[in-house]
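Below is one structure; the comments refer to it alone.
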Amino acid sequence: LDRWNPLPFLVAEPNEEALDEVRTLLLGRYKSWFAAWRRLLDKDSVNRAGWFEWVGACKKVGFDGDVAGAWRAADADCSGYISIEELDPDAAEILFEFKRWADAEFGG
């Protein structure tokens, strides 16, 4: 245990201010949550982003603040992943409504 070097988010406190700053930078660069999510955070289309994707996204948008604290604030359920719903529930609802419509209209 003395040699254990935990990932930073495991020992960080949630930092809502840092998360707000990351959100601002993401929207400033990509103009929409959908674009930021698809182009930067969920490139592999698994509907979630992990810690290393988060770190890369923060670097890409120039955030050099409390990356781990922002992660902890975003990953409120401590699942080890974040979803678009955790970053922006309104954007997620629009996306889910579109999916429901497309499934009903064209089959699932």
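The chain is numbered in sequence order, starting from 1.
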Glu13 atom CD: more than 12 heavy-atom contacts under 6.0 Å: no

Student check: side-chain heavy atoms of Glu86 and Asp77 closer than 4.5 Å: yes

Hydrophobic cluster membership, Val55 vs Leu25, 4.5 Å side-chain cutoff: yes

Under the side chain to side chain contact (heavy atoms under 4.5 Å, CB included) test, residues paired with Ala49 that sit two or more places apart: Trp37, Leu41, Glu53, Ile82

Pairs satisfying salt bridge (charged side-chain N to carboxylate O under 4.0 Å, His left out), at least one member in residues 91-101, at least two apart: Glu93-Arg100, Glu97-Arg100, Lys99-Asp103

No-hydrogen, no-angle side-chain donor-acceptor test under 3.5 Å, Ser79 and Asp75: yes

Common cluster, Trp71/Phe52, ILVMFWY with side-chain heavy-atom separation under 4.5 Å: yes

Closest non-hydrogen atom pair between Glu21 and Phe63, with its separation: CD-CE1, 3.6 Å

Partners passing side chain to side chain contact (heavy atoms under 4.5 Å, CB included) against Ser32 (at least two apart in sequence or in another chain): Phe34, Ala35

With Arg72 via salt bridge (Lys or Arg N to Asp or Glu O under 4.0 Å) - residues at least two apart: none

Rounded distance [0.5 Å steps], OH in Tyr30 versus CG in Leu40: 4.0 Å

Shortest non-hydrogen contact between Ala12 and Ala68, atoms and distance: CB-CB, 3.6 Å

Sequence-distant partners of Glu16, side chain to side chain contact (heavy atoms under 4.5 Å, CB included), two or more places apart: Leu19, Ala73

Check against side-chain contact (heavy atoms from CB on, under 4.5 Å), Leu10 and Trp4: CA-CA 12 Å; Leu10 293 173; Trp4 182 50; 4.2 Å; yes

Asp64 atom CG, over 12 foreign heavy atoms within 6.0 Å: no

From Asp20 atom CG to Glu17 atom CD, the distance as rounded to the nearest 0.5 Å: 7.5 Å

Donor-acceptor pair, side chain of Asn15 and main chain of Ala70, under 3.5 angstrom: no

Reported CG-to-CD distance for the pair Leu87 and Glu85, which is rounded to 0.5 angstrom: 10.5 Å

ring-ring contact (aromatic ring centres under 6.0 Å, His included) partners of residues 85-108, not counting sequence neighbours, each pair once: Phe98-Trp101, Trp101-Phe106

Pair Arg38, Ser45: side-chain N/O donor-acceptor within cut-off below 3.5 Å: yes

Sidechain-backbone polar pair: Asp88 side chain, Ala92 backbone, donor-acceptor under 3.5 Å: no

Test log, rule side-chain contact (heavy atoms from CB on, under 4.5 Å), inputs Trp54 and Val22: CA-CA 10 Å; Trp54 178 258; Val22 173; 3.6 Å; yes

Where Asn47 and Asp42 come nearest, the two heavy atoms and their spacing: N-OD2, 3.0 Å

